[in-house]
Each structure stands twice: as structure tokens, then as C-alpha cells.
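Note that this is a predicted model, so its numbers are computed, not measured. Only heavy atoms go into these numbers, but all of them, side chains included; no hydrogens, no water, no symmetry mates.
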Amino acid sequence: GAGVSQTPSNKVTEKGKYVELRCDPISGHTALYWYRQSLGQGPEFLIYFQGTGAADDSGLPNDRFFAVRPEGSVSTLKIQRTERGDSAVYLCASSFSIHNEQFFGPGTRLTVL
Amino acid sequence: GNSVTQMEGPVTLSEEAFLTINCTYTATGYPSLFWYVQYPGEGLQLLLKATKADDKGSNKGFEATYRKETTSFHLEKGSVQVSDSAVYFCALSDNYGQNFVFGPGTRLSVLP
């Protein structure tokens, strides 16, 4: 398909472990966004990329969270030393540019036991 | 900082009823305003948007007008259908298209 894809769809891990969440944006979209959505809440902005660089990472909650987009396409969100409070759905979105509509992926549901 | 407040749900309506979901915002400058919808089992989709004061966004029978004087962007539909059952999110971005802020969402259930 031509939409944003995210893998895995579900991830269960233990407290203290390291996880990586992957996002494949729509081909040709230069802007890529990561959000976190807790149960009953709206998406919370984490970070966005314009090309390969993180243009705004002000939403990352602490230094355990890091994201990369080395070739300006696929992005990986990395969480070190996971905590139970990190449990949420992590959403990725992409857009042609920052002023265009964002297209969201289905999300990765992360559960930290 | 910027923020979005929307009416708490869940909202339950009968088919063909009139829908209003209230949304108010706090922002500096001239934000763009959005309504996103999340149907069961699907990802977030843009429903409509407005980029300046007095603009009306519309799609699929839904409308919302950007009211700067009341800092509101209420979502309306004249006659809802069962297929409109979903969670609706009001959101804004700053005038640079950045700093997206979403409201908590309002769950709508439409009964036949």
C-alpha cells in the first residue's frame, strides 16, 4: 500500500529493556512526525524530522527517548531502559512538507510490564 | 503554551440527529485548526481544516468555522449516520505548521 506503515503493531517488553519502533513514511514525504497516545488522550507530539534532521525534538520526555532518520525516509524511535509509564500507542505521521496534511500510520502499541 | 480543549464524551446520538462537538483553543499568533477522526480499528485521518479566521472547513457533511473572537472551532453535522461513529480530535498547529497540539478526543456513537 501507499500509506504510512509502522512495525511492529504490538510490542510487549519488560521494564528496563530497550525497544525500537519503526516507521515507513509515504514515499516522497520529507516531513516525519512521532507522537505518543495514552489511553483516552489525544496524540502528544514527540519529535519531527525535515529530511534527515530532527527539526524539533522538544516533545521527547527525557533522554531515554531518541529517534533517527538517517536517509530521510524510514525513521526509528528508540527507547532505552523502558518504564511502565512508557506504555502507550506510538504514532508516526508523514507529510509532503510541514505545511501539508499529515498522514498517520496505524501505530505501535507498546506495553511495558 | 498552546492548548486545545474539547467537550468530553462519550456522545451518543440517534441516526439523523444534529451533532455539535465543541472545541476551544489557546494559542499565540495565528494557528491553523484541524479536526481529525479515528474510526474503529483505523489510524487518524484528517477530516477538515481551516488556516485563518472566519475560514470554514468542510468534508463529508461535517463543518467547522475558525472563530478567532471566541477562540473556537466547533464541529457540526446536520444529520449523523451510524458510520460516523468514531473518535474526533480537535488540533492546532502554529503559524509555521509546527507544534501540533491535539485535544483529548471525543468519542461519538451513533445508534440506528
Side-chain angles (χ1 to χ4, degrees), chain A residues 1-10 21-26 29-51 53-61 88-109, chain B residues 1-11 21-27 29-52 55 57 59 73 75 86-108:
Chain A
V4 177
S5 62
Q6 293 185 245
T7 54
S9 56
N10 280 283
L21 311 180
R22 176 186 168 109
C23 173
D24 280 88
I26 293 172
H29 280 192
T30 62
L32 184 147
Y33 308 77
W34 283 101
Y35 296 87
R36 178 169 67 176
Q37 187 176 17
S38 300
L39 192 63
Q41 301 295 316
E44 173 194 14
F45 169 78
L46 297 177
I47 183 171
Y48 103 86
F49 291 86
Q50 182 62 40
D56 182 354
D57 64 357
S58 62
L60 295 178
V89 175
Y90 288 82
L91 297 171
C92 176
S94 71
S95 65
F96 185 72
S97 76
I98 63 167
H99 296 289
N100 292 97
E101 176 185 351
Q102 294 185 30
F103 292 85
F104 282 80
T108 294
R109 182 176 297 279
Chain B
N2 296 347
S3 66
V4 173
T5 303
Q6 58 182 109
M7 65 188 288
E8 292 187 17
V11 174
I21 301 179
N22 289 339
C23 171
T24 57
Y25 67 90
T26 302
Y30 302 94
S32 293
L33 302 174
F34 307 82
W35 277 100
Y36 279 81
V37 59
Q38 189 168 30
Y39 297 105
E42 298 185 16
L44 278 163
Q45 303 173 27
L46 178 65
L47 180 60
L48 53 85
K49 68 177 183 181
T51 58
K52 61 183 188 295
D55 266 3
N59 186 27
F73 194 56
L75 183 68
V87 182
Y88 292 82
F89 295 90
C90 186
L92 66 80
S93 69
D94 66 19
N95 43 320
Y96 300 104
Q98 301 178 38
N99 297 321
F100 251 82
V101 176
F102 283 81
T106 302
R107 182 176 297 277
L108 170 67

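No part of Q6(B) comes within reach of chain A, as not one of its non-hydrogen atoms sits under 4.5 angstrom from that chain. Using a 4.5 Å cut-off between heavy atoms, E44(A) makes no contact with chain B at all.
Ring centroid separation for the pair F102(B) and Y35(A) comes in under the 6.0 Å cut-off. Side-chain rings of Y36(B) and F104(A) approach one another, their centers coming within less than 6.0 Å.
Of the inter-residue distances, the one linking L44(B) atom CG with Q102(A) atom CD reads 10.0 Å to the nearest 0.5 angstrom. Within the model, atoms CD of E101(A) and CD of Q45(B) stand 9.0 Å from one another, a figure rounded to the nearest 0.5 Å.
Heavy-atom neighbours of Y39(B) OH from other residues, nucleotides or ligands within 6.0 Å: above the threshold of 12.
Side-chain atoms of Q41(A) and F89(B), non-hydrogen and from C-beta on, never get closer than 4.5 Å to each other.
No other option in G59(A), P106(A), P43(A) has as many heavy-atom pairs under 4.5 Å with chain B as P43(A).
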